[in-house]
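Working notes for the structure below.
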Amino acid sequence: MHDARDELRTERLLLRRWRDADRAPFAALNADPEVMRYFPSRPDRATSDLIIDKAEASFEAEGFGLWAVERLDGERFIGFIGLARATFEMPFTPCVEIGWRLAREAWGHGYATEGAIAVRDRAFAVVGLDELLSWTTVANTPSRRVMERIGMSHDPTDDFDHPRLDAGDPLRPHVLYRLSRERWDAVSSGGR
Ligand SMILES: CC(C)(COP(=O)(O)OP(=O)(O)OC[C@H]1O[C@@H](n2cnc3c(N)ncnc32)[C@H](O)[C@@H]1OP(=O)(O)O)[C@@H](O)C(=O)NCCC(=O)NCCS
């Protein structure tokens with residue numbers, strides 16, 4: 001059994017370590033073209049499983065990773081929300097990114113923002129990070145809205161072309177959002 005300290009609970013969600021039973025529904029959401037609309041490709045089953053394996057390795061090595069998310073009502077797996085180190089080099093790396101990917105039926109309920117707030121607070125209060133970053137392709141408005149709702153801010157001078165995407169790919173221009181520990185203190189103190 002994993003340590004319960006790896007879990008996060010919100011009003012409606014449990015963020016927890018991954019189980020083998022998550023692998024099939026995670027592969028299904030990764031195969032959904034609408035979920036992967038803003039990504040260059042859709043992970044196949046092996047790649048989907050690898051994301052889980054890397055998340056679990058990250059929890060073991062770092063004490064954080066991409067948490068598997070389930071709704072408390074019905075214990076249904078709906079996707080991931082979590083933290084990961086950047087795997088490419090840019091002026092703003094090395095850094096830790098906060099990110100999310102939920103199954104389509106879980107959109108439009110505020111689950112991403114609710115879980116991301118818990119992950120954000122864990123990142124600063126327990127992991128002890130000084131800054132959290134997040135990035136996405138310019139057109140991914142739903143994800144940008146989550147970044148804004150959790151208190152992150154966007155400076156256009158930080159925008160960048162993703163180094164893993166080819167020149168001319170419409171997904172290549174990316175926006176970068178940041179949240180400093182000082183800003184987190186200011187935005188989250190009302191809830192503490
Ligand atoms: C990015 C993603 C997680 C955002 O999901 P989301 O459900 O839009 O985001 P939230 O959880 O913040 O929910 C906000 C929506 O829920 C609505 N909502 C309904 N009930 C709510 C409640 N009780 N509390 C808060 N919001 C609620 C809000 O009005 C808002 O709707 P709107 O976007 O129509 O204004 C989702 O689009 C996704 O998984 N996309 C595919 C993967 C992806 O692109 N990931 C990001 C890569 S960088």
Side-chain angles (χ1 to χ4, degrees), residues 15 18 26 29-30 33 35-44 46-69 79-102 112-113 115-188:
L15 281 66
W18 294 77
F26 187 52
L29 79 84
N30 281 322
V35 170
M36 299 309 291
R37 182 175 165 197
Y38 296 112
F39 292 82
S41 61
R42 293 198 295 277
D44 60 14
T47 310
S48 179
D49 282 348
L50 197 59
I51 296 169
I52 295 177
D53 296 341
K54 285 184 175 169
E56 280 298 312
S58 175
F59 277 109
E60 294 298 329
E62 315 249 29
F64 64 76
L66 304 177
W67 276 268
V69 181
F80 72 69
I81 303 173
L83 302 171
R85 291 195 186 276
T87 56
F88 54 84
E89 280 183 38
M90 286 300 291
F92 55 82
T93 63
C95 66
V96 174
E97 182 192 23
I98 183 166
W100 32 75
R101 187 181 304 168
L102 300 184
T113 297
I117 286 171
V119 169
R120 174 199 74 185
D121 292 350
R122 169 68 64 105
F124 289 113
V126 179
V127 180
L129 299 181
D130 291 323
E131 190 177 38
L132 261 187
L133 272 62
S134 195
W135 51 84
T136 190
T137 193
V138 171
N140 192 349
T141 308
S143 189
R144 295 179 65 168
R145 283 213 208 98
V146 178
M147 295 171 197
E148 286 158 14
R149 281 192 282 261
I150 68 170
M152 306 189 88
S153 53
H154 170 228
D155 177 348
T157 63
D158 278 333
D159 290 355
F160 69 102
D161 284 334
H162 200 293
R164 299 241 166 88
L165 297 175
D166 294 334
D169 187 327
L171 297 175
R172 194 179 190 216
H174 271 57
V175 285
L176 180 74
Y177 282 69
R178 296 177 185 264
L179 180 62
S180 66
R181 168 175 285 278
E182 291 71 30
R183 175 83 187 132
W184 166 72
D185 255 330
V187 297
S188 65

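Please read all numbers here as calculations on a predicted model, not as lab measurements.
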Taking the side chain from H162 and the backbone from F160, do they hold a donor-acceptor pair closer than 3.5 Å? no
Between the side chain of E56 and the main-chain N/O of W18, is any donor-acceptor distance below 3.5 Å? yes
Is there a side chain to side chain contact (heavy atoms under 4.5 Å, CB included) between V127 and V96 once you walk through the steps? CA-CA 11 Å; V127 180; V96 174; over 6 Å; no
So R181 and L129, side chain to side chain contact (heavy atoms under 4.5 Å, CB included) or not? Walk me through it. CA-CA 7 Å; R181 168 175 285 278; L129 299 181; 5.7 Å; no
Nearest non-hydrogen partners of [X] and [Y], listed with the distance:
X    : Y    : value
V187 : R120 : CG2-NH1, 4.0 Å
N30  : S48  : ND2-OG, 2.9 Å
I150 : A116 : CG2-CB, 3.9 Å
M36  : P43  : CE-CD, 3.7 Å
G65  : S58  : CA-OG, 3.7 Å
I81  : A112 : CD1-O, 3.8 Å

Interatomic spacing from [atom1] in [X] to [atom2] in [Y] - rounded to 0.5 Å:
X    : Y    : atom1 : atom2 : result
F39  : L171 : CZ    : CG    : 9.5 Å
F59  : F64  : CZ    : CZ    : 9.5 Å
L15  : W67  : CG    : CH2   : 7.5 Å
R144 : T137 : CZ    : OG1   : 9.5 Å
T113 : M147 : OG1   : CE    : 11.0 Å
H174 : T136 : NE2   : OG1   : 5.5 Å

So, do [X] and [Y] sit near enough that their side-chain heavy atoms are less than 4.5 Å apart?
X    : Y    : result
I51  : R101 : yes
F92  : L133 : yes
L83  : L132 : yes
S134 : M152 : yes
E89  : P163 : no

So which of D130, L179, D185 actually passes side-chain contact (heavy atoms from CB on, under 4.5 Å) with F124? L179
Does the side chain to side chain contact (heavy atoms under 4.5 Å, CB included) test come out yes or no for H154 and D159, once each step is laid out? CA-CA 9 Å; H154 170 228; D159 290 355; 2.8 Å; yes
For E62, the option from K54, R85, R122 that meets salt bridge (charged side-chain N to carboxylate O under 4.0 Å, His left out): R85
Go through the steps for D121 and W184 under the test side chain to side chain contact (heavy atoms under 4.5 Å, CB included), then give the verdict. CA-CA 8 Å; D121 292 350; W184 166 72; 2.8 Å; yes
